[in-house]
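On a predicted model such as this, the values are computed, not experimentally measured, just so you know. Heavy-atom basis, side chains included; hydrogens, waters and symmetry copies ignored.
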Amino acid sequence: MLKLSSLNKEQREAVEHVEGPVVVVAGAGTGKTRTIAYRAARLLEKKVPAESLLCITFTNKAAREMRERVSSIVTEETCSRMTICTIHSLCAKMLREDIGELGRDPAFGIMDSTDQAGLVKKALIEHGFDPQKYDPRALLWRIGSVKNAYPEPANEDFADPVFARVYETYNSLLLKNNSLDFDDLLLCASKLLDSKKVRTKYQERFKFIMVDEYQDVNGCQYGIIKKLASKHKNLYVVGDEDQSIYGWRGARMENILNFERDFKGARLIKLERNYRSTGTVIEASNHVIRNNSMRRDKKLWTSADSGEPITLMEAPEEGDEAAAVISMIHAEKTANRGLFGDFAILFRTNAQSRAFEEKLIGLGISYVIVGGAKFFERREIKDVTSYLKAFTNPDDDVALLRVVNFPPRGIGKTTLEKILQTAAEKRASLMKTLEESISSDAIPRKAKEGIAAFLRIKETILKHITANPQDPAGAMKRLLAEVNFEKAYSQACSDANEAARRYENIVELANAVFEYQKNDSDPSIQGFLENIALMTDEAETEEELKQDSVALMTLHSAKGLEFKTVFIVGVEEGYIPHERSEAEGGLEEERRLFYVGMTRARKRLFLSYALSRRRFGETIPRKPSRFIEEIPVHLTVRGSEEEIRIAREQASRAIATSALDKISSLFGD
C-alpha cells in the first residue's frame, strides 16, 4: 500500500485522482515533482499498466529527476516500462514508428543547431542573400516560431520575401538530407496525429497522460497533447500561470488558464503550501503577483518562520551596487562558513553581469554563469574588442579577419583568400598585406573601396590613441561613432529583440572602459585589453564551479532553481520591468519574471538598484522598479547610503589585498 502520510491534504487529493482531466495548479516550492511521482505510483497501485502511463516534461533534467522520483517509490523495473520523457523525445519515438505515413523515411537524422545554421546559410547564399547581413541563427529562431505555432498561419512572417525563400529552401535541404530539426519533431508529430489510424494507435497506448510545466506549452505542443488525450481524457497537467515567463518563445499561458474550458468536467486542485521559502519571502511574493489580472485566485503560504526581512539596497551608481552586493556575499560567507554556492545574483539582461564579474574576479571569488557565456566571451563583445586588437596589434590576424568585413563592406571571401595567400607568400602580416592590396590589380574595385573604408577607421582610431594615450574611453567612443554597430546588428539579426540585446551589451562594454579609465592610474587601450584577457583566462575546473561558486544568471535562467540567499540586482524601471515591455500583457509577464526571481530564495532575499548608470560616459538617472512599491513596507529593511559606502570601501580593500596576495605568490615573500 502506497504511504501518503508525508503528503499534505491537497497533495493527497492530487495523488488520489485517477480518471478524467485534472489541472494541478502548483505554486512555487509546493512539491509538484513529488506529487506527480506519487500520482504515477498511485495509478500503478490501481492496476493501471505501466506501459499505459506517459509523463511529459520539457527538459531532459526534469525527465531524469522524474524517473528517479518514481523509481524510488516503485520498482526500477516497473518504472522502466513507463514512458517518462521530454515532448521532443516522445515525438521522435512516434516518428520512428510512423513517419512513413507522411511519405518520409523512418531512418531520418536529427540536425543539431550548428548544422541547422549551416543549412540556413546555404539557403541564403542560394538566393543571393548575404549571410553577414541576415543572421542565420536569427532566421532559425523565426523558422522555429512558425513551426511551433502550427496549425496557426504565419502570414506576417511569410510576407517577408527573404524569410519566405529561406524557409522553403531550408526545409528542402532538410528533406534532401533526410533530416529533421528539433521543431520538425513537433510539427511532423502533430501532422502525424491528424491521421485517425495513427492517432488511435497512440491513444490506446497512452491511456493516462501527465504533463509537467503545462504553462510553458506552445501551440504545436498543445495540439499534440490534446490529440493524444482526446479519447480517454485522462489528462493530468501540472503548472502555474504565475511562473509563465516564456511568452517570447511561444509559450501560451492561456492553455493552463483555459484548461477547464478545453477539457469539460476537469477538476481543479491548488497546491499553495510552500516548502522552500520563509514567511516573509512568501508574503512579499504574494503581494507582488496579485497585481496581475491574468491568473487564478490563489495564495501561497508556509508554516516556516517569518525569517529575515527583505533587504532593499539603494546605491548611488552601478559600481557601488556591484561592490556592495559582492562585499556582502564575501562577508556573509566568511561569517557563516557556508559555500559561495549558496548565493545567486539574478539580473534581467545578460549585459548586467559585467560589473559583478569584475568584482568577483577582483576578490578571487569563484563564480559560474548559468545559461550563458561570460560577458567578455560574447560574440558582440568580441566583435568590438577585435577592432581594438587589430588596430593596436598589426600582427593579430585572427582579430582582423573577424572584423575586416563586419559590418559588410563588400570584401568577399575570394578577396580575403587572395590576401591571405599573398600574406603567406610574402610572410607578411595580414594588416600590411591588406594595406598594400589597394594598389593591386587582382582586387575588385568594390573590395578596394571596402578595404579603404576599413583602413580609414583604423587611422582615425590610431590617431586618437596616439594623441590621447590615457583616454581609452575616448577611443572606444570614437570607434562606436565610426562603426554603427547598432545598425549592423539590426540588419544582421532578424529578431529585433536579439539585436537590441547585443547592442545593450556593447553599451555595457563602453561603460566598462569608462570605469577602467576612472579607476586605473595609467589607463590605456592595451591595458584594458590585457585586463579582459586576464579575466577570461581565470577559468576554474568544472568541479570547483559546482562545489563553491556564486551563481550569476538571468531571471529567466533561474526558473526551477533555488538558493539560500538571492540577490536580484538592477531592480529599476527599464530593467525590470524592461523598457520594451510596454503592452499590458508584457508588463504582467515582467511581474511574473520578478515573482519567479523572488521565490528562488530559501532564507534571504536582497533587492538592489542604482540611482544612476553610465551610458557612453554620461550619467543617466534611474528610478526604482514599480514592483518594489508593491511589497509592503513592513516586510523590508533599507540598506543606507552609508552602508553602501562602507561596503564599497571594504570591497576595494579586499580587491587590493587579493592582488597583493597574487603578486606575493608569484615572486615569493
Open item on the list: Could you go through Arg592 and Asp242, starting from their C-alpha distance and side-chain angles, then the distance that decides it, and tell me whether this counts as salt bridge (charged side-chain N to carboxylate O under 4.0 Å, His left out)?
Closed with: CA-CA 6 Å; Arg592 292 194 294 271; Asp242 288 340; over 6 Å; no
- [ ] Could you give me the CA-CA distance, side-chain angles and deciding distance for Asn292 and Arg591, then say whether side chain to side chain donor-acceptor pair (under 3.5 Å) is met?
- [x] CA-CA 8 Å; Asn292 274 5; Arg591 186 178 281 110; 2.7 Å; yes
- [ ] Given salt bridge (charged side-chain N to carboxylate O under 4.0 Å, His left out), test Glu630 with Arg290 step by step and report yes or no.
- [x] CA-CA 9 Å; Glu630 296 172 356; Arg290 73 181 186 185; over 6 Å; no
Open item on the list: Test side-chain contact (heavy atoms from CB on, under 4.5 Å) on Ile631 and Met598; report intermediate values, then the result.
Closed with: CA-CA 11 Å; Ile631 301 173; Met598 294 176 72; 4.0 Å; yes
TODO: Please assess Tyr275 against Asn8 for the test side chain to side chain donor-acceptor pair (under 3.5 Å), listing each intermediate value before the final yes or no.
DONE: CA-CA 11 Å; Tyr275 292 91; Asn8 65 40; 2.8 Å; yes
- [ ] Could you walk me through whether Tyr367 and Ile361 pass the side-chain contact (heavy atoms from CB on, under 4.5 Å) test, one step at a time?
- [x] CA-CA 8 Å; Tyr367 70 94; Ile361 290 169; 3.7 Å; yes
- [ ] Apply side chain to side chain donor-acceptor pair (under 3.5 Å) to Gln352 and Tyr575, showing your working.
- [x] CA-CA 9 Å; Gln352 292 170 260; Tyr575 275 154; 4.8 Å; no
Open item on the list: Could you walk me through whether Glu588 and Ser293 satisfy the side chain to side chain donor-acceptor pair (under 3.5 Å) test, starting with their C-alpha distance in whole Å, then the side-chain angles of each, then the deciding distance to 0.1 Å, before giving a yes or no?
Closed with: CA-CA 8 Å; Glu588 292 214 350; Ser293 59; 2.8 Å; yes
TODO: Check the pair Glu508 / Arg615 against salt bridge (charged side-chain N to carboxylate O under 4.0 Å, His left out), numbers first and verdict last.
DONE: CA-CA 8 Å; Glu508 190 60 24; Arg615 185 180 176 92; over 6 Å; no
- [ ] Begin from the C-alpha positions of Tyr214 and Phe58 and carry the test ring-ring contact (aromatic ring centres under 6.0 Å, His included) through to its verdict.
- [x] CA-CA 9 Å; Tyr214 192 67; Phe58 287 88; 8.4 Å; no
Open item on the list: Checking Leu388 against Ile525 for the side-chain contact (heavy atoms from CB on, under 4.5 Å) test, could you report, in this order, the C-alpha distance in whole Å, the side-chain angles of both residues, the deciding distance, and whether it holds?
Closed with: CA-CA 8 Å; Leu388 298 173; Ile525 279 292; 4.1 Å; yes
Task: Residue pair Glu562, Arg600: steps toward the salt bridge (charged side-chain N to carboxylate O under 4.0 Å, His left out) verdict - done: CA-CA 4 Å; Glu562 59 181 70; Arg600 299 311 94 194; over 6 Å; no
Open item on the list: Pair Thr278, Thr302 - check side-chain contact (heavy atoms from CB on, under 4.5 Å), show working.
Closed with: CA-CA 7 Å; Thr278 64; Thr302 180; over 6 Å; no
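Two residues are said to be in side-chain contact when any heavy atoms from C-beta on lie closer than 4.5 Å; Ile576 and Leu555 meet this criterion. Residues Thr385 and Leu509 form a side-chain contact, since some pair of their non-hydrogen atoms from C-beta on lies under 4.5 Å apart. Using a 4.5 Å heavy-atom cutoff, the side chains of Lys333 and Leu339 are not in contact. Residues Thr349 and Arg501 fail the side-chain proximity criterion, which asks for heavy atoms closer than 4.5 Å. Using a 4.5 Å heavy-atom threshold, the side chains of Pro624 and Glu573 count as separate.
Looking at Lys270 and Glu10, no side-chain N of the basic residue comes within less than 4.0 Å of a carboxylate O on the acidic one, giving no salt bridge.
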Please tabulate, for the side chains in residues 603-610, all donor-acceptor contacts under 3.5 angstrom to protein atoms that are two or more places apart in sequence or on a different chain.
| from | atom 1 | to | atom 2 | distance (Å) |
| --- | --- | --- | --- | --- |
| Arg604 | NE | Glu308 | OE1 | 3.1 |
| Arg604 | NH1 | Glu332 | OE1 | 2.8 |
| Arg604 | NH1 | Glu332 | OE2 | 2.9 |
| Arg604 | NH2 | Glu308 | OE1 | 3.4 |
| Ser608 | OG | Glu321 | OE2 | 2.6 |
| Tyr609 | OH | Glu314 | OE1 | 2.8 |
| Tyr609 | OH | Arg638 | NH1 | 2.9 |

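Paired with Glu317 under the rule salt bridge (charged side-chain N to carboxylate O under 4.0 Å, His left out), one option of Lys518, Arg613, Arg614, Arg622 passes, and it is Lys518. Applying side chain to side chain contact (heavy atoms under 4.5 Å, CB included) to Phe594 and the options Val288, Thr599, Ile289, Ile245 leaves one that passes, Val288. Under the salt bridge (charged side-chain N to carboxylate O under 4.0 Å, His left out) test applied with Asp383, the options Lys389, Arg402, Arg378 reduce to a single match, Arg402.
Residue Arg273 places its CZ atom among more than 12 non-hydrogen atoms of other residues, nucleotides or ligands, all under 6.0 Å distant. Heavy atoms from other residues, nucleotides or ligands lying under 6.0 Å from CZ of Arg296 number more than 12. Within 6.0 Å of NZ in Lys298 there are more than 12 heavy atoms belonging to other residues, nucleotides or ligands.
Taking all atoms of both residues into account, the shortest heavy-atom contact from Ser277 to Ile282 is CB-CD1, 3.8 Å. Between Thr57 and Ala62, the shortest heavy-atom contact is CB-CB, 3.9 Å.
Going from atom CD of Glu358 over to atom OG of Ser353 covers 9.5 Å, rounded to the nearest 0.5 Å.
In this structure, Arg69 forms no cation-pi arrangement with Tyr38, as its terminal cationic atom is not both closer than 6.0 Å to the ring centre and no more than 45° off the ring axis.
For the residue pair Glu241 and Gln243, no side-chain donor N or O sits within less than 3.5 Å of a side-chain acceptor on the partner. Side-chain contact of Asp240 with Gln215: a donor-acceptor pair under 3.5 Å is absent, judged by distance alone.
Annotation: side-chain hydrogen bond (donor to acceptor under 3.5 Å, both in side chains) contacts of Arg602 (sequence neighbours excluded): none. Listed by chain and number, the residues in a ring pair (Phe, Tyr, Trp, His ring centres under 6.0 Å) with Tyr516 are Phe528 (sequence neighbours excluded).
Ring geometry for Phe343 versus Phe340: interplanar angle of 30 to 60°, hence tilted.
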